[in-house]
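All values derive from a computational prediction rather than experimental measurement.
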Amino acid sequence: MPRPDSGPSTASRSAVETGVFAPPNDPANPAWRGVKLRFKTPTEYSLREIDGRPCIRAVAKAAWSFWVADVPAALAKATTLSWRWNVPALIADADNLVPGKDDAPARVVVAFKGDRSKLDAADRSIMSLAKALGGVELPFAAIQYIWEGKAAPETIIPNGNTVRIKKIVVKSGSTGLASWLSFTRDVRADFRRAFPGEEPGEIESVGLMTDTDSLGGTAEACYSDIELR
């Protein structure tokens with residue numbers, strides 16, 4: 001887990017000065033923190049280097065957890081998110097369109113703030129249950145950018161447990177495995193597509209997740225150069 005830190009991280013201070021929030025490519029840096037469910041094996045996050053590029057390596061062995069960086073207030077209304085990832089293999093039989101098969105080798109997650117009192121009773125109940133059972137505070141809304149083996153790019157997929165989390169396919173199929181791929185997204189435009197009729201609130205965090213808790217087995221990904229502008 002990240003070391004405790006009494007002051008603002010270097011990444012947070014840099015965001016105020018430059019208008020760019022760029023948490024370091026080191027999961028042990030205080031800018032990052034782990035989020036896990038009480039009843040699930042956590043994904044392992046560690047520092048690695050691929051092709052001379054430092055990166056955050058995620059290895060999931062029938063596991064679920066993600067690594068989160070809290071966004072400073074100065075960047076809470078940011079628009080553009082960019083990142084790189086390197087995935088050696090897809091997850092056999094994974095299909096995010098099918099409940100119970102919704103694992104993904106790579107996800108980049110953006111969480112948004114909002115007025116929870118405006119959510120319906122079912123959504124509020126799911127949030128309360130997640131906190132009570134798993135110890136996780138679900139965001140008001142979140143987008144997960146995923147690598148999906150079957151669904152086409154730009155497909156929007158609801159989370160199987162809550163409509164407040166939407167998955168957007170940014171990479172599909174096996175082309176590009178074991179190489180660095182770069183992505184840039186307008187997160188506010190994506191929010192409006194994923195949550196029709198809603199306006200995006202402030203961004204509270206960005207996160208990384210590789211998971212195999214649904215199907216078991218092992219998946220791996222490396223993440224690098226996450227930047228919110």
Side-chain angles (χ1 to χ4, degrees), residues 22-28 32 34-36 40-69 80-110 142-160 165-187 190 193-194 206-228:
N25 298 329
D26 178 359
W32 294 101
V35 175
K36 60 183 180 180
K40 289 186 181 288
T41 300
T43 300
E44 300 172 0
Y45 294 88
S46 61
L47 177 64
R48 187 176 177 182
E49 186 173 298
I50 297 180
D51 300 331
R53 184 190 305 278
C55 57
I56 297 173
R57 182 193 186 204
V59 178
K61 300 177 181 179
W64 182 104
S65 68
F66 64 106
W67 228 234
V68 176
T80 304
L81 177 70
S82 60
W83 73 91
R84 296 182 175 92
W85 64 31
N86 186 309
V87 176
L90 298 180
I91 301 170
D93 298 325
D95 186 345
N96 276 262
L97 292 168
V98 179
K101 293 187 175 182
D102 52 347
D103 291 334
R107 306 179 195 252
V108 173
V109 184
V110 183
I143 292 172
Q144 298 181 352
Y145 297 106
I146 68 171
W147 188 330
E148 161 55 32
K150 298 177 175 63
E154 300 304 324
T155 301
I156 298 175
I157 306 172
N159 179 275
I165 299 175
K166 301 290 181 66
K167 293 170 277 190
I168 299 179
V169 179
V170 294
K171 184 71 179 74
S172 180
S174 59
T175 303
L177 288 172
S179 61
W180 282 109
L181 302 178
S182 299
F183 301 86
T184 299
R185 303 293 302 197
D186 182 333
V187 295
D190 285 339
R193 289 176 54 229
V206 294
L208 317 171
M209 184 167 68
T210 295
D211 63 296
T212 54
D213 59 313
S214 294
L215 293 169
T218 300
E220 177 181 339
C222 281
Y223 303 87
S224 181
D225 302 339
I226 297 92
E227 290 190 355
L228 186 65

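Of the charged side-chain nitrogens involved, at least one lies within less than 4.0 Å of a carboxylate oxygen, so that R193 and E154 count as a salt-bridged pair. Between D225 and R84 a salt bridge is recorded (basic side-chain N to carboxylate O distance below 4.0 Å).
Note on ring orientation: taking the six-membered ring where Trp is involved, the planes of W85 and W147 are parallel (angle under 30°, cut-offs 30° and 60°).
Inspection of the Y45 and S65 side chains reveals no N or O donor paired with an N or O acceptor under 3.5 Å.
Looking at R57 and V59, their side chains come closer than 4.5 Å, going by heavy atoms from C-beta outward. The side-chain heavy atoms of T80 and T184, taken from C-beta on, include a pair separated by under 4.5 Å. Using a 4.5 Å cut-off on side-chain heavy atoms (C-beta onward), K101 and K150 make no contact. Using a 4.5 Å heavy-atom cutoff, the side chains of N96 and T155 are not in contact. Contact annotation: the side chain of D211 approaches that of R107 to within less than 4.5 Å [non-hydrogen atoms, C-beta and beyond]. Between V108 and R185, the closest side-chain pair of non-hydrogen atoms is not below 4.5 Å. Between V110 and Y145, the closest side-chain pair of non-hydrogen atoms falls below 4.5 Å. Between S214 and W64 there is no side-chain heavy-atom pair separated by less than 4.5 Å.
Distance CD/E220 to OG1/T43: 11.5 Å, rounded to 0.5 Å. Separation of atoms CH2 (W67) and CD (E44) is listed at 10.5 Å; rounding is to 0.5 Å. Rounded to the nearest 0.5 angstrom, D190 CG and K166 NZ are separated by 12.0 Å. Once rounded to the nearest 0.5 Å, the distance linking NZ of K167 with CD1 of I156 reads 12.5 Å.
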Practice task
Determine, stepwise, if the pair D103 / D213 fulfils side chain to side chain contact (heavy atoms under 4.5 Å, CB included).
Solution key: CA-CA 7 Å; D103 291 334; D213 59 313; 3.4 Å; yes
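Between T210 and A106, the shortest heavy-atom contact is OG1-CA, 4.2 Å. Minimum heavy-atom separation, A221 to P105: CB-O, 3.3 Å.
Residue K61 qualifies as open at atom NZ: its count of foreign heavy atoms under 6.0 Å is 12 or below. For D186, the CG atom is densely surrounded, since the number of other residues' heavy atoms within 6.0 Å is greater than 12.
Qualifying side-chain hydrogen bond (donor to acceptor under 3.5 Å, both in side chains) partners for S224, counting only residues two or more places apart in sequence or in other chains: N25.
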Show me the donor-acceptor pairs, under 3.5 Å and distance only, between side chains in residues 170-178 and residues at least two apart or in other chains.
unit_1 : atom_1 : unit_2 : atom_2 : d
K171   : NZ     : T175   : O      : 2.6
S172   : OG     : E148   : O      : 3.4
S172   : OG     : A151   : O      : 2.6

